[in-house]
Amino acid sequence: MADLMLPTPMRIKAHGSDTIRDVTTVRDASEILIDWPQAKRGPFYQAAREQVEAAMEDKASAAQAQEAFAALCSHAGVIVR
C-alpha cells in the first residue's frame, strides 16, 4: 500500500522531546500513535487510532484520519505552529 498523504502536513513536538516531527502521511501519524505515552492515552487517542487504522485499511480517508489525529495533538498541546 502506498502511503496516504495527509491533506495538510503537520509539525509536532513529541512528549518529553525537543525533536520536531513532520507528519505528512497516515503512516507517520500511525508511528507517532505507537510511541504515544501510555499514561496519556484517552478518548482523543482512541479516536485518532481508530481513524488512522481505518485509513490504512482504506476504510476511511486521509482527511478523516488527520482530523482525529489533529484533535489529539491539539488536545495534548504538541502541535508546532
Side-chain angles (χ1 to χ4, degrees):
M1 175 187 104
D3 282 346
L4 287 173
M5 299 299 292
L6 297 179
T8 307
M10 298 175 60
R11 300 186 90 201
I12 68 162
K13 187 174 179 180
H15 290 286
S17 171
D18 289 331
T19 303
I20 295 175
R21 292 201 48 191
D22 291 318
V23 184
T24 60
T25 67
V26 172
R27 186 172 307 280
D28 291 341
S30 176
E31 290 172 1
I32 289 166
L33 291 173
I34 289 168
D35 294 336
W36 202 265
Q38 188 72 30
K40 301 212 181 261
R41 295 181 183 187
F44 282 92
Y45 172 86
Q46 188 61 36
R49 182 175 168 184
E50 288 171 5
Q51 288 299 314
V52 166
E53 286 180 1
M56 291 179 74
E57 297 171 358
D58 292 327
K59 295 178 182 173
S61 69
Q64 291 169 308
Q66 181 167 12
E67 183 178 345
F69 182 73
L72 168 65
C73 291
S74 178
H75 178 75
V78 297
I79 295 176
V80 175
R81 305 219 183 261

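The two residues M5 and A62 come nearest to each other via the heavy atoms O-CB, 3.3 Å. Across every non-hydrogen atom of S61 and A55, the tightest pair is O-CB, 3.8 Å. Shown here for V23 and A29, the closest heavy-atom pair between the two residues is CG1-N, 3.8 Å. Nearest heavy atoms, A70 versus I79: O-CD1, 3.9 Å. Closest approach of D35 to R21, counting heavy atoms only: OD2-NH1, 4.4 Å. The nearest pair of heavy atoms linking D22 to R11 is OD1-NE, 2.8 Å.
A distance of 8.5 Å separates CE in M56 from OG1 in T25, rounded to the nearest 0.5 Å. Going from atom NE2 of H75 over to atom NZ of K40 covers 9.5 Å, rounded to the nearest 0.5 Å. Taken from CG in L4 to OG1 in T24, the straight-line distance is 11.5 Å, to the nearest 0.5 Å. Atom CD1 in I12 sits 12.0 Å away from atom OG in S74 (nearest 0.5 Å).
Applying the side chain to side chain donor-acceptor pair (under 3.5 Å) criterion to E67, with sequence neighbours excluded, gives no partner residue. Listed by chain and number, the residues in a side chain to side chain contact (heavy atoms under 4.5 Å, CB included) with A54 are K59, A60 (sequence neighbours excluded).
Under the 3.5 Å distance criterion, the side-chain polar atoms of Y45 are left unmatched by any main-chain donor or acceptor of L72.
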Item to complete: Under the side-chain contact (heavy atoms from CB on, under 4.5 Å) rule, what do L6 and V26 come out as? Steps first, then yes or no, please.
Response: CA-CA 6 Å; L6 297 179; V26 172; 3.9 Å; yes

Discussion item. Assess the residue pair R49 and W36 against the criterion (side-chain contact (heavy atoms from CB on, under 4.5 Å)); give the C-alpha distance rounded to whole Å, side-chain angles, the decisive distance to 0.1 Å, and a yes or no.
Written reply: CA-CA 10 Å; R49 182 175 168 184; W36 202 265; over 6 Å; no

